Amino acid sequence: MLDEKQKLFQIIDLGHEIAQVKDVDILLERILTIARQFVNADAGSIYIKEDNRLKFSYTQNDTLQNKLPTGHKLIYSTFSIPVNNESISGYVAGNGTMLNIEDVYKIPDNVPYSFNKGYDEISGYRTKSMLTFPMTTTRDQVIGVLQLINAKDRDGNILSFVKEDEPFVKHFANNAAIAIERAQLTRAIILRMIKMAELRDPKETGAHVNRVAAYSIEIYEKWALGRGIPVDEIEKNKDIMRIAGMLHDVGKVAISDVILKKPGKLDADEYEIMKQHTFLGARLFTDQYSDFDEASSLVALNHHERWDGNGYPGYINPFTGHPIVGYQLKEGKVPGKKGEDIPAFGRIVAIADVYDALSCKRVYKEPWDEDRVLETLKSERGKQFDPEMIDAFFDSLDIIKSVSSRYPE
Ligand code: C2E
Ligand code: SIN
Ligand code: SIN
Ligand code: SIN
Ligand code: FE
Ligand code: FE
C-alpha cells in the first residue's frame, strides 16, 4: 500500500500523463483506466455533459470483460440522462459535489437520487459501491462525471471506496476536466477544418471522418497487439492515428467544385486531378511540429496506395509532385508504392476509408449492403489491402460496427 505522500506524487504524475493525450476518445480511455487502477475499481464510466444532459460516453468493466473471449472488447451503447437530482451522476453534475456510496441497492429514502437497476438487469452485473465525482474545470464548470464502481481488495472482494482516497480522485477528476476540455477543442478545430472542405464536398462529412478515424484505431490496435508492440507505444499511436485519420481527405479542399460535386462517374482526366488530394493534403502539414503533423501528412499521402503497387500517388515527393529519385516511370507514370513501403498508418486508413465509402451513400453511388462490402474487402486481401491489416479488420468487426453506430450520418 502506498502512503499518502507517495499517492500525492503518483496522482500528480498521472495528471501529467493525461495532459499529453490529444484526442478526446483516447483521453477518456486513459482517464478511466488510470482512475480505476488508482482505487482498484472493478468498473467505471464517464459521462460528458452536452447541453443539459449527461451523455454516457465511455465505460470499462473487468468482470464483464473477463467473460469475453480474449481480444474482444466490451460493446456498449451510448444514452443520455438529464442533469437533475434523480440519478446519481445527474445529482453529482448538477450540484458539483461528489457522492461516495457504500451500496447503491441500499440508498436511504431521505436522499433525492436513486440507482437505476435497469443497467444491471441487462448486463447481469451487480453494482455495489460507487464513487462519483464531478469533473470540474478551472472556471468551475462541470464538464462531466467520473464514476468508479465496485472497489476491490486483493482477493477481488467488493469493498467501499475509502474516504482517504477522495481528495486524490477529486484532484485527478479536475485535471481530467481540463484535459477533456482541451481535447474537445482540438477535435472541434479539426472538424471545423474538415467542414471547410465539406462546404465544397458535401459527402465528406464530420461523421465520415470520425468513423474512418475510429475504425482505424481499432484496426491498428488489433494489428499492433498481434505484433507484440508495447502497450505504451500502442496507446500513443492510437492517439496520433485518431487525429491523422480524421484528416485523411483534407487535401480535397484544393480540388475544384466541378470535380468534387460531380454527381456521376469521373472521367479519366477528372480522376487524375482528384488523385492529387493525396499529396496536396500532405503539403498542408509542411511544418512538421509534432508527431501529429507528421502522421497526418503520411496518412493523407498514402491512404490510396495499394498493397499490390497499383495505387496512387506512388513514389513521389509530395512537395514537388516529382518522382523520388531512383524510381523509374512505368508507361510514363510514377509507380505506386508497394507492400511495406506504404507506411502502416496509410495501409490502415486505406481499409477504413473504403469500408466506410462502400457502406455509405455518396453523390456518385448508393450504399452497398453489408455482405457485398465485406466480400469486396475480403477479396482484396493481399491485392488492394495489406493481408495482416485485413485480418485485424475482420477480427475487430464487432467493435467496428458498434463504433459506426456512434457516428450516424
Ligand atoms: P471516397 O468517396 O471517400 O472513396 C474512397 C475510396 O473508396 C475510393 O478511392 C475507392 O477506393 C473506394 N470506393 C468508393 N466507391 C467505390 C465503388 O463504388 N467501388 C469500388 N470498388 N470502390 C469504391 P478512389 O477511387 O481513389 O476515389 C477517391 C475519391 O475520389 C473518392 O473518395 C471520391 O471523393 C472521388 N471519386 C472517385 N470516383 C468518383 C466518381 O465516380 N464520382 C465522383 N463524383 N467522385 C469520385
Ligand atoms: C448514475 O446515475 O450515476 C448511474 C445511473 C443510475 O444508476 O442512476
Ligand atoms: C474510379 O475509377 O473513378 C474509382 C472507382 C470509384 O470510386 O467508383
Ligand atoms: C494537433 O497537433 O493536435 C493538431 C493536428 C495537427 O495539426 O496535426
Ligand atoms: Fe481520399
Ligand atoms: Fe474518405
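On a predicted model such as this, the values are computed, not experimentally measured, just so you know. One-based numbering, in listed order, for ligands and for the atoms of each.
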Distance-only, no hydrogens or angles: does the [X] side chain make a donor-acceptor pair with backbone N or O of [Y] under 3.5 Å?
{"X": "S80", "Y": "K55", "result": "no"}
{"X": "R30", "Y": "E17", "result": "no"}
{"X": "R242", "Y": "I217", "result": "no"}

Backbone or side-chain N or O of [X] under 3.5 Å from ligand 1 N or O:
{"X": "Y271", "answer": "yes"}
{"X": "Y312", "answer": "yes"}
{"X": "Y364", "answer": "yes"}
{"X": "V354", "answer": "no"}

Check each atom of ligand 1 against the heavy atoms of [X] and keep those under 4.0 Å away; list them by number with element.
{"X": "W368", "value": "17 (C), 18 (O), 19 (N)"}
{"X": "G264", "value": "40 (C), 41 (O), 42 (N), 43 (C), 44 (N)"}
{"X": "A357", "value": "4 (O), 5 (C), 7 (O), 14 (C)"}
{"X": "M274", "value": "30 (O), 33 (C), 34 (O), 35 (C)"}
{"X": "R362", "value": "1 (P), 2 (O), 3 (O)"}

Any chance you could measure [X], atom [atom1], to [Y], atom [atom2], to the nearest 0.5 Å?
{"X": "H208", "Y": "H248", "atom1": "NE2", "atom2": "NE2", "value": "3.5 Å"}
{"X": "Y220", "Y": "L225", "atom1": "OH", "atom2": "CG", "value": "8.5 Å"}
{"X": "Q147", "Y": "T132", "atom1": "CD", "atom2": "OG1", "value": "4.0 Å"}

Mutual orientation of the aromatic rings belonging to Y312 and H277 [parallel < 30°, tilted 30-60°, perpendicular > 60°]: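 Aromatic pair Y312/H277 classed perpendicular.
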Parallel, tilted or perpendicular: rings of F56 and F79 (30°, 60°):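 Aromatic pair F79/F56 classed parallel.
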Neighbour count >12 (heavy atoms, 6.0 Å) for atom NZ, K262: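 Yes - once you tally the heavy atoms of other residues, nucleotides and ligands closer than 6.0 Å, there are more than 12.
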Options L266, I255, V212, ranked by nearest heavy atom to atom 46 (C) of ligand 1, top entry: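 When every heavy atom of L266, I255, V212 is considered, L266 comes closest to atom 46 (C) of ligand 1.
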Residue [X] atom name (nearest to the Fe ion (ligand 6); N/O/S):
{"X": "H248", "result": "NE2"}
{"X": "H208", "result": "NE2"}
{"X": "D353", "result": "OD1"}

L358, portion touching ligand 1 at heavy-atom distance under 4.0 Å: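 Looking at L358 and ligand 1, just side chain atoms fall under 4.0 Å.
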Whether K252 lies under 4.0 Å from ligand 1, heavy atom: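 Yes; K252 lies near enough to ligand 1 that a heavy-atom distance drops under 4.0 Å.
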Vertex the Fe ion (ligand 5), arms to H304 NE2 and D249 OD1, rounded to 10°: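 Roughly 170°, rounded to 10°.
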Centroid separation F172 to F38 less than 6.0 Å: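 No, the ring of F172 stays outside the 6.0 Å limit from the ring of F38, centre to centre.
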